Amino acid sequence: MILVLSCIAIKINLCFPNILSSLKTLPIDGHFNFEQLHHAAKDFGNRYSFLPLAVLHPNSVSDIATTVKHIWQMGPGSDLTVAARGHGHSLQGQAQAHGGIVINMKSLQGLKMQFHIGNLPYVDVSGGELWINILREGLKHGLAPKSWTDYLHLTVGGTLSNAGISGQAFRHGPQISNVHQLEVVTGKGEVVTCSGKQNSDLFHGVLGGLGQFGIITRARISLEPAPEMVKWIRVLYTDFATFTRDQEELVSGESTFDYVEGFVIINRTGLLNNWRSSFNPQDPVQASKFKSDGRTLFCLELAKYFNRDETAVVNRVRRPFNHQWKQRN
């Protein structure tokens with residue numbers, strides 16, 4: 001048994017130099033990093049840590065396709081896996097590749113966004129682009145994506161590989177419901193354009209597919225006119241039944257808010273003091289009713305989009321529920 005294990009170990013060790021040398025000779029514009037790898041062995045979940053063999057920093061989609069095709073041609077005997085990594089916000093190691101290749105998608109951020117203005121506006125962006133950058137550039141054209149995530153410093157390819165769910169999903173669907181077209185590098189290293197009408201199986205498989213059907217390198221995302229202003233409201237609850245009843249009523253209404261999201265707060269870390277500072281002093285809110293005694297609170301976060309000429313109408317939205325609330329324009 002010891003002899004057999006020793007032989008296996010020798011065979012694996014002999015394979016590594018061949019794999020490394022073959023990667024180093026690939027005709028790519030970017031580069032591989034074989035030394036500084038520990039950052040690619042971590043993610044937001046902080047539950048798993050898998051060290052890769054190398055990290056690819058691509059300068060183009062062709063670099064990704066060339067690398068994936070090379071690994072495909074090596075066959076299953078190489079045991080190499082590939083993982084696309086944006087900002088590493090996966091929870092269970094999905095952006096890691098144990099002994100494999102991690103592709104740093106942020107290296108593609110420099111690719112130019114292309115905005116198309118008209119009745120059905122959209123933007124073509126790199127899969128490595130951050131949503132916050134799309135927002136900033138889109139506002140220059142008076143446009144914004146229809147559906148967001150709460151945290152915008154995430155890559156397009158990362159959220160589209162999951163779903164992209166936030167407070168606008170009840171109205172527009174998640175982010176994956178607002179994509180017209182994708183450019184994908186398949187597991188064979190082919191660069192394929194897909195949509196609901198072209199290569200539709202790949203299109204629907206990749207969207208929300210957790211990176212198992214291909215790597216999103218470019219996306220065409222639906223846009224809408226950006227509002228000039230937003231009325232932002234938070235409503236606090238101590239009763240779960242009332243909390244869910246109000247939330248269901250809001251998401252089922254036709255002309256209520258544009259953003260509705262509910263979440264749970266464990267009120268034990270002085271959160272209340274931070275909230276009190278953002279209450280409008282003119283609002284007779286008795287926030288002291290909620291003491292930091294470890295109780296569970298429930299919160300609805302609401303937003304109404306409007307333009308300046310609608311300010312008077314929107315300001316009539318006053319105290320929609322009999323609960324502690326705060327607002328900000």
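Note that this is a predicted model, so its numbers are computed, not measured. We use all heavy atoms of the structure for the numbers below, so side chains are in, but hydrogens, waters and symmetry mates are not.
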Just checking, K140 and F115: is the charged tip under 6.0 Å from the six-membered ring centre and within 45° of the axis? no
Flag the pair T242 / F298 as yes when at least one side-chain heavy-atom distance between them is below 4.5 Å, and no otherwise. no
Side-chain contact test, heavy atoms from C-beta onward, threshold under 4.5 Å: evaluate it for V184 versus N199 and give yes or no. no
Quick check against the 3.5 Å criterion: does D258 have a side-chain atom that pairs as donor or acceptor with the backbone of Y305? yes
Side chains of F213 and D201: closer than 4.5 Å at any heavy-atom pair? no
Using a 3.5 Å distance criterion without hydrogens, assess whether the side chain of N307 forms a donor-acceptor pair with backbone atoms of E228. yes
With a 4.5 Å cut-off on side-chain heavy atoms, are F243 and L300 touching? yes
Find the distance between NZ (K69) and OG1 (T186) and round it off to the nearest 0.5 Å. 10.0 Å
Taking the side chain as every heavy atom from C-beta outward, state whether D29 and S62 have any pair of such atoms under 4.5 Å apart. no
Would you say R218 and D124 make side-chain contact, with heavy atoms under 4.5 Å? yes
Which of these passes ring-ring contact (aromatic ring centres under 6.0 Å, His included) with F44: H89, H153, H87? H89
If you define the side chain from C-beta out and look only at heavy atoms, does anything of T155 sit under 4.5 Å from L130? yes
Over 12 non-hydrogen atoms of neighbours within 6.0 angstrom of CG in D239: yes
Between T217 and V61 (side chain of the first, backbone of the second, donor and acceptor by atom type, cut-off under 3.5 Å), is there such a pair? no
Distance-only, no hydrogens or angles: does the N178 side chain make a donor-acceptor pair with backbone N or O of H172 under 3.5 Å? yes
Classify the side-chain pair T159/W131 by whether it contains a donor and acceptor separated by less than 3.5 Å. yes
Would you say the side chain of L210 lies within less than 4.5 Å of the side chain of S161, judging by non-hydrogen atoms? no
Check: S49 side chain, A41 main-chain N or O, donor-acceptor pair, under 3.5 Å: yes
To check you understand the geometry: which heavy-atom pair defines the closest contact between F32 and A54, and what is its length? CD2-CB, 4.1 Å
Side chains of S147 and Q168: any donor to acceptor distance under 3.5 Å? no
Side chain to side chain contact (heavy atoms under 4.5 Å, CB included) evaluation trace for L108 with I64: CA-CA 10 Å; L108 296 180; I64 298 175; 3.7 Å; yes
Judged by atom type as modelled, is there a donor-acceptor pair below 3.5 Å linking the side chain of S90 to the main-chain atoms of Q92? no
